[in-house]
Amino acid sequence: GAEGSTLMSYFSKNQIQALKPKITFSTLRDLQCPVLQSNDLQGKPEESCSTEELFEWLGAVLNQVSLDNKSSSFLSTYCCPEPNTVVEKAFLCTITGFIIPETIIQLLEQLCCYFSEPKLAYWLTLTVHGFADSPVSWRESEHGFHKGGENLYNFVIFRNLDYWLQMAVGTHDDCPP
């Protein structure tokens, strides 16, 4: 009866709000960025940084950890790996919500278009996080939370459209092929 239709309208309104992704933009100024070469995953001293160094740096940037290695900091004495370069402006866009694979493919395509004009960036990244307490991870396997619930992958796309794909999962989780 009337209760059923009231409940339906309540849930449909609230579900729509829950499923609508939240988008935030921020500009990071004078950001120290690692120097990367698309064909050099291991990095070379004084030439480029490795994939591991980039992944660690990206974690610090996304969590807004200071990169200036101050001994007085109780949070972190992390500093940007060498070699690095200072970027006057870096744009960070965060989309939070339930996002389907097709949307991620669209985002990747849009990001690749960014290199067409103007050619300012040498590389850009797209990081996709699963929820830490998600019930499944890769290959439809159960997702073990354990310590941190790691469950993410990261694309690094270069100006020549080469790319790196980095993946991180918890200790007891299946890794994709």
Quick check for you: to the nearest 0.5 Å, what is the distance between Asn84 atom CG and Cys49 atom SG?
7.0 Å
Val35: side-chain contact (heavy atoms from CB on, under 4.5 Å) partners, not counting sequence neighbours
Pro83, Thr85
If you look only at distance, which donor and acceptor atoms sit under 3.5 Å apart when one is on a side chain in residues 92-109 and the other is two or more places apart or in another chain?
none

Treat each ILVMFWY residue as a node, draw an edge where side-chain heavy atoms are under 4.5 Å apart, and state whether Val87 and Leu58 are in one component.
no
Chi angles and distances behind the side-chain contact (heavy atoms from CB on, under 4.5 Å) call for Leu165, Tyr153:
CA-CA 7 Å; Leu165 174 59; Tyr153 59 92; 4.0 Å; yes
According to a 4.5 Å side-chain heavy-atom criterion applied to Ile, Leu, Val, Met, Phe, Trp and Tyr, with indirect links allowed, do Trp123 and Leu28 form part of one hydrophobic cluster?
yes
Would Asp40 and Ser48 count as a side-chain contact (heavy atoms from CB on, under 4.5 Å) if you check the C-alpha gap in whole Å, the side-chain angles of each, and the deciding distance to 0.1 Å?
CA-CA 8 Å; Asp40 198 354; Ser48 64; 3.5 Å; yes
Counting C-beta onward and ignoring hydrogens, is there a side-chain heavy-atom pair between Thr125 and Ile157 closer than 4.5 Å?
no
Can you establish whether the number of heavy atoms outside Tyr122 located under 6.0 Å from its atom OH is more than 12?
no
Any heavy-atom pair between the side chains of Ser50 and Leu41 that's under 4.5 Å?
no
Grouping I, L, V, M, F, W and Y whenever their side-chain heavy atoms are under 4.5 Å apart, do Val156 and Leu62 come out in a common cluster?
yes
Which residues pass the salt bridge (charged side-chain N to carboxylate O under 4.0 Å, His left out) test with Asp162, sequence neighbours left out?
none
Hydrophobic cluster membership, with links at side-chain heavy-atom distances under 4.5 Å among I/L/V/M/F/W/Y: are Leu126 and Tyr114 in one?
yes
Go through the steps to decide whether Leu152 and Phe55 satisfy the test side-chain contact (heavy atoms from CB on, under 4.5 Å), and finish with yes or no.
CA-CA 11 Å; Leu152 66 106; Phe55 201 61; 3.6 Å; yes
Fit a plane to each ring of Phe158 and Trp164, take the angle between them on a 0 to 90° scale, and name the class: parallel (under 30°), tilted (30 to 60°) or perpendicular (over 60°).
perpendicular
On the ring face of Phe115, is Arg159 found with NZ or CZ under 6.0 Å from the centre and within 45° of the axis?
no
In Å, rounded to the nearest 0.5 Å, how long is the span from CD of Glu88 to CG of Leu31?
12.0 Å
Measuring from Glu52:CD to Gln42:CD, what's the distance to the nearest 0.5 Å?
6.0 Å
Do Leu124 and Val128 sit in the same hydrophobic cluster, where Ile, Leu, Val, Met, Phe, Trp and Tyr count as joined when their side-chain heavy atoms come under 4.5 Å apart?
yes
side-chain contact (heavy atoms from CB on, under 4.5 Å) assessment of Gln37 paired with Glu47:
CA-CA 8 Å; Gln37 297 290 341; Glu47 282 185 40; 5.8 Å; no
